[in-house]
Amino acid sequence: MNAPWKSGLPGNRDPFSAYICDDAALDVIRPVVIELGWQPEKCNKGGLRNAVQSLSVSASPAILMVDLSESGDPLNDINALAEVCEPGTVVIAVGQVNDVRLYRDLLSSGIHDYLLKPLSPQAVHDALNQALAVFMSPKAGDADGAKRHISTAVVGTRGGVGASTLATSLAWLFSEQHKAPTALLDLDVHFGTGALALDLEPGRGLTDAIENPSRIDPLFIERAMVRAGDNLSILSAEAPISQPLMTDGSAFVQLEDEFRQAFEMTVIDLPRNMLINFPQLLADVNLVVLTCELTLASARDTIRLLSWLKSNASHAHPMVVANKVQPGVAEISKADFEASIERKVDFVVPYDIKAASNAAKLGQVFVDANRSSKATAAMRQIAERVMGVSSDDVAAGGGEKKSLLGNFDLKSLVAKKNKAPAEPAE
């Protein structure tokens, strides 16, 4: 069974509990709770007084729904509840009194929301979704969280150059070696191999997002993404090949927006046809890794893509990676390739067919299955460059980590309209 990407809910507490007075309300709440992946057994019979008694001897959940219907003095009883609730608990009250003053007093006392009986499934769903959003939003001491997010698009100049292998390997390295919460978005909707490389079922998350972009929110991200590790989650698809891709690209942009809030790193396995059809995908991408091979066709397409990036995504820093390189066997030499594209190749990844076969047999990403391979060493250097902790930077900076913006020319990463002096971002 695919485990969803974990949200910001506290890991040492139950995610949800409810204390409700009547069966009718419980019958409405339980299906919504099940839909969210929580235990329906956490919906208890009994109101606020039962909640106070239970929580006085046990840990409070992250989200607590409590019924005030049998309470004679809701405000005083809420204060009693506050004494037994751990800090950070989000409380949703339920009641029968339709009074604006009571509603305002409850919110002032710290209640997150107040639902009026009879309950509707949609109202309960919306309230719980908004409660989850509290844990998804940046904390007060993490106001610069958005600045630390790095989005990397991996684009193959030709089919079969190994862009997907590089994308999955980079995502794995970010999450495992650098312990950064990472999202991998495989946008080859019909033939993507991201989930396959991680030995996972892709699920329907990406397909659902394309079909209904309005559903994309923090809760959707939590439920739709498939966990590949403690810090790595993937969103991909294996759409029927008889089903054309019908989208204006808005779903992909919304997904990227949510990833910026929920993760530190995003890796987009971006087929070149998607790049051309949906240029808005690169609006907030920091780095484009152009994966190529040392052939005439790849040199031609590298030139074309570099020119396209300069015109359509000048804020994104291009990195050229020559993959599957076999010395003495390449169609053209590295020097001739660089002369053709009029720039240096940033990294060279040697060809290792045995390592690739080994990874496929083990159901692991390339760098995980072949940790001593020379190709893995090259991919590790690429990951370190993106993260801003390459060995060269450490040697030059006395071991101090730099940001991505400090690693590259800041002028190439900011909009041209910004005339501020170039300084490394914090």
Counting N and O atoms only, with roles assigned by atom type, does the side chain of Asp186 sit under 3.5 Å from a partner on the main chain of Ile268, one being a donor and the other an acceptor?
-> no
Taking C-beta and beyond as the side chain, do Met319 and Leu287 meet within less than 4.5 Å on heavy atoms?
-> yes
Name the one of Glu256, Glu258, His149 that satisfies side chain to side chain donor-acceptor pair (under 3.5 Å) with Thr266?
-> His149
Please confirm whether the backbone N or O of Asn286 pairs with a side-chain atom of His317, one donor and one acceptor, at under 3.5 Å?
-> no
Between Arg272 and Asp301, does at least one N-O distance fall below 4.0 Å, as a salt bridge requires?
-> yes
Out of curiosity, Lys42 NZ to Leu64 CG, how far, rounded to the nearest 0.5 Å?
-> 12.0 Å
Going by an N to O cut-off under 4.0 Å, is there a salt bridge joining Glu338 and Lys334?
-> yes
Pair Arg204 + Glu211, salt bridge at N-O below 4.0 Å | yes
Minimum heavy-atom distance between Asp199 and Gly363, given as atom pair plus value | CB-O, 3.3 Å
Taking every non-hydrogen atom, the tightest pair across Ile276 and Pro279 | O-CD, 3.6 Å
Measure the OG-CG distance between Ser164 and Asp269 for me, rounded to the nearest 0.5 Å.
-> 3.5 Å
Expected output: side-chain Asp67 to main-chain Cys21 donor-acceptor under 3.5 Å | yes
Find out whether Thr193 and Asp188 are in side-chain contact, i.e. whether some heavy atom of one side chain is under 4.5 Å from a heavy atom of the other.
-> no
Quick one: does Asn277's side chain have a donor or acceptor within less than 3.5 Å of a partner on Asn273's backbone?
-> yes
Hey, is Lys117 close enough to Asp22 for a salt bridge, meaning N to O under 4.0 Å?
-> yes
Looking only at heavy atoms, which two atoms of Val28 and Ser120 are closest? And how far apart?
-> CG1-C, 3.7 Å
For Lys179, does the NZ atom sit with more than 12 other heavy atoms under 6.0 Å from it, leaving out its own atoms?
-> yes
Answer yes or no: is there a side-chain heavy-atom contact under 4.5 Å between Gln280 and Phe252?
-> no
Rounded distance (nearest 0.5 Å) linking atom CG of Asp346 with atom CD1 of Ile382 | 9.0 Å
Is there a side-chain contact between Leu235 and Leu184, using heavy atoms and a 4.5 Å cut-off?
-> no
Taking the side chain as every heavy atom from C-beta outward, state whether Leu305 and Val288 have any atom pair closer than 4.5 Å.
-> no
Can you tell if the side chain of Ile63 reaches within under 4.5 Å of the side chain of Asp14, non-hydrogen atoms only?
-> no
Any donor-acceptor pair under 3.5 Å linking the side chain of Arg223 with the backbone of Glu35?
-> yes
List the steps and the verdict of side-chain contact (heavy atoms from CB on, under 4.5 Å) for Glu201 and Val226.
-> CA-CA 8 Å; Glu201 292 291 334; Val226 180; over 6 Å; no
Full working for side-chain contact (heavy atoms from CB on, under 4.5 Å) between Asn44 and Ile20 = CA-CA 6 Å; Asn44 306 283; Ile20 306 298; over 6 Å; no
Output yes when a side-chain donor or acceptor of Asn312 lies under 3.5 Å from a complementary backbone atom of Trp308, and no otherwise.
-> yes
More than 12 foreign heavy atoms under 6.0 Å from CZ of Arg380: is that the case here?
-> yes
Does atom CD of Glu264 have more than 12 heavy-atom neighbours from other groups under 6.0 Å away?
-> yes
Is a side-chain donor or acceptor of Ser307 paired with a backbone partner of Ile303 at a separation under 3.5 angstrom?
-> no
So, Asn323 and Thr291: side-chain donor and acceptor under 3.5 Å apart, yes or no?
-> no
Passes salt bridge (charged side-chain N to carboxylate O under 4.0 Å, His left out), Lys324 versus Asp352? Steps please.
-> CA-CA 7 Å; Lys324 298 183 177 181; Asp352 193 338; over 6 Å; no
Can a donor-acceptor pair be found between the side chains of Asn370 and Thr376 at a distance below 3.5 Å?
-> no
CD1-OG1 distance between Ile234 and Thr168, expressed to the nearest 0.5 angstrom = 8.0 Å
Does a side chain donor of either Gln130 or Asp126 reach within less than 3.5 Å of an acceptor in the other side chain?
-> no
Give the minimum heavy-atom separation between Val161 and Gly156, together with the two atoms involved.
-> CG2-CA, 3.8 Å
Which one of Asn50, Leu48, Leu55 satisfies the side-chain contact (heavy atoms from CB on, under 4.5 Å) criterion with Val52?
-> Leu48
Exceeds 12 heavy-atom contacts within 6.0 angstrom, atom CD1 of Ile353 | yes
Would you please test Leu219 and His125 for side-chain contact (heavy atoms from CB on, under 4.5 Å) and show each step?
-> CA-CA 10 Å; Leu219 179 59; His125 184 278; 4.0 Å; yes
Smallest heavy-atom separation, Ala171 atom then Thr182 atom, equals O-CG2, 3.9 Å
Is Ser56 reaching over with its side chain to a backbone N or O of Gln53, donor-acceptor style, under 3.5 angstrom?
-> yes
Is the number of heavy atoms from other residues, nucleotides or ligands under 6.0 Å of Arg343 CZ greater than 12?
-> yes
Is Val66 close to Val94 at the side-chain level, that is, under 4.5 Å between some pair of heavy atoms?
-> no
When rounded to the nearest 0.5 angstrom, what distance separates CG in Leu198 from CD in Gln364?
-> 10.0 Å
Is it true that a side-chain atom of Ser175 and a backbone atom of Asn231 form a donor plus acceptor pair closer than 3.5 Å?
-> no
What distance separates Glu384 CD from Leu173 CG, expressed to the nearest 0.5 Å?
-> 8.5 Å
Show your working on side-chain contact (heavy atoms from CB on, under 4.5 Å) between Cys292 and Val320 and close with a plain yes or no.
-> CA-CA 7 Å; Cys292 59; Val320 178; 3.8 Å; yes
How are the rings of Phe259 and Phe263 set to each other: parallel, tilted or perpendicular (split at 30° and 60°)?
-> perpendicular
Please name the pair of heavy atoms, one in Ala359 and one in Phe366, separated by the smallest distance, quoted to 0.1 Å.
-> CB-CA, 3.9 Å
So Trp38 and Phe16, would you call those rings parallel, tilted or perpendicular, with 30° and 60° as cut-offs?
-> parallel
If we only count heavy atoms from C-beta on, is the Met65 to Leu128 side-chain gap below 4.5 Å?
-> yes
